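All values below come from the heavy atoms of this structure, side chains included, with hydrogens, waters and symmetry mates left out. If you're wondering where the values come from, they're calculated on a predicted model, not measured in any experiment.
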Amino acid sequence: MRTKNEPTDYTLFDYGFITFDDDGKKVYNLYEGNSLRIVFTTDFQEENFDEIRLVKKDLVCPHCHARMVNNGSYEFNYNKMIPIRISGYKCRNTNHAHYVYASKLKDVDKYCSFDREIRKLGVKLSLIDFLSYDKLSELLEALTGVEVNRETMFYFTDESIDEILEEIQKEQESEIIKLNIKPSGHYGYDEQYIFINGELFMRMTIIDNNTNLIINNELIHKDDFNKNTIQDFLERSLKDLEVKSITTDGNNSYPSIIDSLGAIHHRCVFHVMKNLMDDIKKDIRTLDNRIKTIDSKKVENDARIEELEELDKGRSGRPSKEDKEWNNHIQEKKKLKRENSKLTTERKNKRQELNYYKTFKNRVSLIFKSKKEKTAINRYNKLLNDKRIPKKIKKFLERIKDIMPHLINHIENDDIPSTNNKVEGFYKITLPGCKKRIYRTIKGVKRRMMLSQLRWTHRQVLKHTGPLIKINLLTF
């Protein structure tokens with residue numbers, strides 16, 4: 001065996017050495033403890049080695065400190081695509097010989113063939129968006145050339161995702177402290193329905209309305225969800241925090257709970273206006289449809305009148321009693337014109353009624369857009385006493401009379417939002433409707449919630465625009 005000279009400026013010789021077997025096979029001997037990923041470097045690829053061996057640099061037995069000699073080898077497929085010979089050694093101590101192999105644990109864990117970073121890459125790719133394990137496998141192979149089947153990808157992800165998510169969370173918490181981002185005291189609370197393997201769960205979330213910080217985000221089975229659960233969640237989440245206001249929808253259990261926390265309870269204006277629209281949208285739709293029907297009928301009548309006039313073209317004066325056809329045409333035209341006149345009157349009334357619905361609906365909305373609370377109350381009272389107001393809108397205004405103070409907290413306090421859109425937006429971004437029924441396990445949903453929370457914090461709290469994790473594919 002002959003050994004190639006080792007120039008001092010050649011990178012590969014910092015990590016191993018090159019030999020040629022008696023049969024001319026060119027071998028790169030990589031010292032244990034170095035990265036196996038050297039095989040992907042340009043210097044390595046240009047050499048066109050016939051074989052790669054992992055060897056020990058220090059040939060001293062770790063047990064008895066005797067000199068060690070070569071003692072066979074076994075083959076290891078790095079990333080299941082690159083064969084590497086793991087060299088074995090035997091110490092020369094004749095009394096009690098020891099056998100060891102060069103260690104491959106720099107990049108690859110024991111009993112595993114894949115590079116540790118390759119295993120984590122699938123998880124990092126899943127931070128971009130929800131991807132099935134099949135798609136993750138495809139993407140990983142397209143980017144790195146390493147083929148990983150679906151089952152192995154699931155194993156890799158299941159094994160390391162919690163560690164990666166926890167690492168990102170710690171980094172974000174550190175950055176939040178460094179930037180001095182603290183809860184403002186004004187929060188939004190809501191729940192989201194999630195189905196896991198056909199069972200209904202509730203996702204409870206409280207978010208800071210000003211800093212976008214996610215104060216808490218938990219999952220609970222629907223059977224365990226009640227007023228006490230909500231109170232316990234809010235008390236635990238807001239413990240040791242200043243609580244100035246909490247914005248919610250119209251659940252009847254919220255007022256007493258939030259009052260016990262000593263906070264202002266603000267009712268989401270969007271949900272209130274939605275309740276109003278639920279009351280009147282059927283009437284509005286009915287009026288719209290009737291107006292369209294009237295317009296269509298009038299067009300149809302006008303076309304028939306024009307057709308009859310065309311049939312009677314050239315006739316003038318008073319028709320004789322014997323001309324039944326002409327007389328029938330005249331009677332039909334009179335009937336159609338009378339019908340059109342009635343339809344015109346009905347259309348006018350329906351249009352006025354429809355305009356009242358839209359006008360008064362806008363005036364209700366204007367109450368919550370007032371710049372002063374006094375103005376809002378005056379608008380409310382004036383609207384309630386307007387004799388033209390549709391009955392359903394009047395009934396709606398009477399229904400919200402007792403909760404008006406909870407609906408106008410935002411008017412003179414810029415820190416209190418008019419709606420609970422912050423939490424609603426969080427749900428739509430992190431777990432939209434099309435994803436709420438695809439999960440089979442609680443663990444899977446909780447991981448997705450955690451991942452979504454980290455993405456939200458990355459963009460909405462820390463104001464970063466780039467990806468959550470940057471991946472340098474050149475290292476693969």
Side-chain angles (χ1 to χ4, degrees), residues 1-60 62 67-89 100-125 136-149 152-153 156 160 164 167 466-467 469-476:
M1 182 184 295
R2 58 191 178 89
T3 305
K4 188 174 180 180
N5 292 331
E6 303 181 3
T8 57
D9 59 346
Y10 189 42
T11 305
L12 294 182
F13 282 95
D14 294 336
Y15 307 103
F17 58 92
I18 300 171
T19 58
F20 293 86
D21 285 352
D22 293 335
D23 56 2
K25 183 186 293 186
K26 186 178 181 180
V27 181
Y28 182 68
N29 298 268
L30 176 66
Y31 292 128
E32 67 175 356
N34 288 311
S35 173
L36 292 174
R37 292 163 71 184
I38 194 173
V39 301
F40 296 113
T41 63
T42 302
D43 284 342
F44 188 92
Q45 296 294 326
E46 288 177 349
E47 288 288 348
N48 295 317
F49 293 108
D50 297 310
E51 188 176 283
I52 309 163
R53 291 177 187 161
L54 194 64
V55 300
K56 293 183 71 67
K57 189 173 185 179
D58 183 8
L59 297 180
V60 176
R67 180 72 177 172
M68 304 196 75
V69 295
N70 291 336
N71 186 57
S73 64
Y74 71 91
E75 186 173 278
F76 157 69
N77 283 310
Y78 180 47
N79 287 330
K80 292 198 173 179
M81 58 186 291
I82 302 173
I84 296 177
R85 301 300 303 181
I86 308 296
S87 298
Y89 300 88
V100 295
Y101 284 97
S103 173
K104 65 177 177 63
L105 301 182
K106 172 67 176 177
D107 305 300
V108 184
D109 291 332
K110 194 173 183 180
Y111 308 122
C112 183
S113 299
F114 290 96
D115 186 290
R116 194 176 296 113
E117 289 302 316
I118 288 287
R119 294 164 66 181
K120 291 183 178 181
L121 181 57
V123 183
K124 293 179 179 179
L125 291 173
L136 281 175
S137 298
E138 277 186 47
L139 188 56
L140 187 66
E141 183 177 2
L143 295 175
T144 67
V146 178
E147 184 178 352
V148 180
N149 63 37
T152 305
M153 180 59 70
F156 288 168
S160 59
I164 292 176
E167 182 181 335
I469 283 186
K470 293 184 179 180
I471 302 170
N472 183 8
L473 289 177
L474 295 177
T475 61
F476 295 97

| task | May I have the step-by-step check of side chain to side chain contact (heavy atoms under 4.5 Å, CB included) for I52 and Y78, ending in yes or no? | result | CA-CA 11 Å; I52 309 163; Y78 180 47; over 6 Å; no

| request: Please identify each residue that fulfils side chain to side chain contact (heavy atoms under 4.5 Å, CB included) with E75, with sequence neighbours left out. | output: N77, P83, R85

| For S87, what residues pass the side chain to side chain contact (heavy atoms under 4.5 Å, CB included) criterion, not counting sequence neighbours? | R53, V55, Y89

How long is the gap from [atom1] on [X] to [atom2] on [Y], to the nearest 0.5 Å?
X    : Y    : atom1 : atom2 : answer
E46  : L12  : CD    : CG    : 9.5 Å
L139 : L121 : CG    : CG    : 8.0 Å
I38  : Q45  : CD1   : CD    : 11.0 Å
D50  : F20  : CG    : CZ    : 9.0 Å
T42  : E47  : OG1   : CD    : 12.0 Å

| task | Report, as yes or no, whether the 6.0 Å neighbourhood of atom CD on E147 holds more than 12 heavy atoms from other residues, nucleotides or ligands. | result | no

Take the angle between the ring planes of [X] and [Y] and call it parallel below 30°, perpendicular above 60°, tilted in between.
X    : Y    : answer
F156 : F114 : perpendicular
Y31  : F17  : tilted
Y74  : Y101 : perpendicular

Would you check if the side chain of [X] reaches a backbone N or O of [Y] as a donor-acceptor pair within less than 3.5 Å?
X   : Y   : answer
D21 : D23 : no
E51 : I84 : no
E32 : K56 : no

| task | Only counting residues at least two apart or in another chain, list the ones meeting side chain to side chain donor-acceptor pair (under 3.5 Å) with N29. | result | T19

For [X] and [Y], work out which heavy atoms get closest and say how close.
X    : Y    : result
M68  : P62  : SD-CD, 4.1 Å
A102 : L54  : CB-O, 3.3 Å
R119 : S160 : O-OG, 4.2 Å
V108 : S113 : CG1-C, 4.0 Å
M153 : V148 : N-CG1, 3.7 Å

| field | Criterion side chain to side chain contact (heavy atoms under 4.5 Å, CB included) on F49 and I18, from CA distance to verdict | value | CA-CA 9 Å; F49 293 108; I18 300 171; 3.7 Å; yes

| field | Test side chain to side chain contact (heavy atoms under 4.5 Å, CB included) applied to Y15 and T41, step by step | value | CA-CA 12 Å; Y15 307 103; T41 63; over 6 Å; no

| request: Check whether any side-chain heavy atom of F76 sits under 4.5 Å from a side-chain heavy atom of L36, and report yes or no. | output: yes

| Side chains of R67 and L59: closer than 4.5 Å at any heavy-atom pair? | yes

| said: Can you tell me which residue among T144, N79, V146, D109 is in a side-chain contact (heavy atoms from CB on, under 4.5 Å) with D115? | reply: N79

